[in-house]
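Worksheet: one structure, shown below.
For the single chain, residues carry numbers from 1 onward in sequence order.
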Amino acid sequence: MGALDHLSHMFDCSSGHRSTSRKYKKRKQLQTVEIKVKMDCEGCERKVKHAVEGMKGVSDVQIDPKQSKLTVVGYVEPNKVVSRVKHRTGKRAELWPYVPYDVVAHPYAPGIYDRRAPAGYVRSADQPHLSQLARASSTEVRYTTAFSDENPTACSIM
């Protein structure tokens with residue numbers, strides 16, 4: 001192998017060994033991040049808005065003070081936005097925990113219904129321990145079927 005072959009191999013763009021050694025960053029997707037932040041006055045709104053507007057990748061910021069809701073649109077990660085709001089403002093912030101009332105099968109189940117939720121919203125049922133309705137244990141089922149009208153061998157004490 002001559003010197004010219006070696007140089008041409010070094011600067012060859014079609015060879016795969018150079019491109020595989022580079023790590024390409026995965027491009028972030030455009031997301032809408034909704035955050036629950038308590039805002040009492042216009043000063044709080046301004047403080048929260050300025051904390052998020054300075055982030056890289058943010059394209060739009062909307063604030064709904066009645067619902068205590070901050071909506072951020074852009075190429076951002078939700079957890080980073082929440083941590084930025086917490087750090088810059090000192091306020092308690094969390095991802096928006098509510099879903100529309102119509103989406104949930106049992107909106108008045110314990111753990112899902114929240115009195116503090118905005119009108120038309122209930123708490124998200126993503127957590128399985130909150131969304132399950134009370135289930136009867138096997139002993140309760142045996143006792144209720146023993147005294148049932150549909151059971152022909154039921155107790156006649158009724």
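The side chain to side chain contact (heavy atoms under 4.5 Å, CB included) check on P78 picks up Q31, V33, L95, with sequence neighbours excluded. When the side-chain hydrogen bond (donor to acceptor under 3.5 Å, both in side chains) test is applied to K36, the partners found at least two apart in sequence or on another chain are Y98. With sequence neighbours excluded, no residue satisfies side-chain hydrogen bond (donor to acceptor under 3.5 Å, both in side chains) with K47. The side chain to side chain contact (heavy atoms under 4.5 Å, CB included) search around K38 returns D40, not counting sequence neighbours. For Q67, there are no side-chain hydrogen bond (donor to acceptor under 3.5 Å, both in side chains) partners, not counting sequence neighbours.
Among all heavy-atom pairs drawn from P100 and V122, the shortest one is O-CG2, 4.4 Å. Nearest heavy-atom pair, A51 versus R88, reported as atom, atom and distance to 0.1 Å: CB-CB, 3.6 Å. In plain terms, the two heavy atoms of V37 and A93 that are nearest each other are CG2-CB, 3.8 Å.
T32 is listed as a side-chain neighbour of T71, based on a closest heavy-atom distance under 4.5 Å.
Here the NZ atom belonging to K80 is positioned 14.5 Å from the NE2 atom belonging to H87, to the nearest 0.5 angstrom. Of the inter-residue distances, the one linking M39 atom CE with K69 atom NZ reads 11.0 Å to the nearest 0.5 angstrom. Taking NZ from K91 and NZ from K86, the interatomic distance works out to 14.0 Å, rounded to the nearest 0.5 Å.
There is a path of hydrophobic side-chain contacts, each under 4.5 Å, that joins V48 to M55.
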Side chains of residues 58-65: which donor-acceptor pairs under 3.5 Å do they make with residues two or more places apart or in other chains?
residue : atom : partner : partner atom : Å
S59     : OG   : V73     : O            : 2.9
D60     : OD2  : Q62     : NE2          : 3.2

